[in-house]
Amino acid sequence: MNYWNNPGELLEHPINEYRNMPMTTPQDESKQTEHAVIEIHHMAWEKNVEKAADPVVVMFYSPGCPHCTAMTPYFEEYATDLGEAIVFVRIDVTANPWIAERYSIMSTPTFAVFCTGRPVAQLVGAVYPALLRKMIEEGIANAQECAGQSTVIDYEITGYG
């Protein structure tokens with residue numbers, strides 16, 4: 001098949017499957033799984049995590065990570081149980097390396113609780129599920145206190161005072 005004659009066929013080229021790169025558009029900001037976990041990418045990060053009014057728990061994962069695969073069912077279970085009090089988000093660090101770099105994510109899975117856009121708690125690796133649940137529950141319990149003590153982040157960056 002000649003992929004160069006029809007640009008529409010270029011998307012179906014076998015090399016795109018090899019790259020394992022998600023082919024998303026800006027309109028596809030996020031998708032929610034059946035377990036109330038929102039799968040996001042860099043285009044939706046600011047809206048869903050940094051500027052979220054509610055606390056957010058994030059699972060930084062990579063598709064080939066066996067520990068991520070082992071922890072995902074627990075994360076989804078907690079999303080079903082606690083999803084009304086805290087937002088559950090997953091982000092693939094291989095497809096969004098700049099987000100991982102920004103928060104110094106060195107290994108996967110990494111779980112972080114964000115309050116008013118800032119990480120306030122973090123667990124790294126395939127931890128005991130009870131520890132993960134405890135971190136999430138503490139994030140819920142401390143949400144009001146965290147929101148009251150946080151200051152608004154000014155996103156305007158200028159070199160002039």
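The structure displayed is predicted, hence computed values, not measured ones. Positions are given from 1 along the sequence.
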Do R90 and E76 sit within salt-bridge range, that is, some charged N less than 4.0 Å from a carboxylate O? no

Within the 4.5 Å heavy-atom criterion, are [X] and [Y] side-chain neighbours or not?
{"X": "D92", "Y": "P63", "result": "yes"}
{"X": "T110", "Y": "L123", "result": "no"}
{"X": "V120", "Y": "N142", "result": "no"}
{"X": "T72", "Y": "M59", "result": "yes"}
{"X": "Y61", "Y": "V93", "result": "no"}
{"X": "F111", "Y": "Q122", "result": "no"}
{"X": "M135", "Y": "V113", "result": "yes"}
{"X": "D54", "Y": "I86", "result": "no"}

What are the two closest heavy atoms between [X] and [Y], and how far apart are they?
{"X": "V56", "Y": "N48", "value": "CG2-O, 3.6 Å"}
{"X": "F75", "Y": "V57", "value": "CZ-O, 3.9 Å"}
{"X": "V124", "Y": "V127", "value": "O-CG1, 3.6 Å"}
{"X": "P109", "Y": "M71", "value": "CG-CG, 4.1 Å"}
{"X": "F60", "Y": "A112", "value": "CE1-CB, 4.1 Å"}
{"X": "V49", "Y": "V58", "value": "CG2-CG2, 4.2 Å"}

Are W98 and I40 connected into the same hydrophobic cluster when the rule is that any two of I, L, V, M, F, W, Y join if their side-chain heavy atoms are below 4.5 Å apart? yes

Nearest 0.5 Å, what's the [atom1]-[atom2] distance between [X] and [Y]?
{"X": "I91", "Y": "I38", "atom1": "CD1", "atom2": "CD1", "answer": "12.0 Å"}
{"X": "N96", "Y": "T94", "atom1": "CG", "atom2": "OG1", "answer": "8.0 Å"}
{"X": "K51", "Y": "W45", "atom1": "NZ", "atom2": "CH2", "answer": "14.5 Å"}
{"X": "I105", "Y": "I99", "atom1": "CD1", "atom2": "CD1", "answer": "10.5 Å"}

Should we say atom OH of Y103 is surrounded by more than 12 heavy atoms from elsewhere, each under 6.0 Å from it? yes

Could you walk me through whether R133 and E138 pass the salt bridge (Lys or Arg N to Asp or Glu O under 4.0 Å) test, one step at a time? CA-CA 9 Å; R133 185 174 182 107; E138 287 176 355; over 6 Å; no

Backbone N or O of A100 within a donor-acceptor pair of the S104 side chain at under 3.5 Å?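 The answer is no, because no donor-acceptor pair under 3.5 Å joins these two groups.
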
Hydrogens and angles aside, do E137 and Y78 bring a side-chain donor and acceptor to less than 3.5 Å of each other?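 No.
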
With no hydrogens and no angle check, do the side chains of T108 and S62 hold a donor and an acceptor under 3.5 Å apart?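 The criterion, which ignores hydrogens and geometry beyond distance, is satisfied for S62 and T108.
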
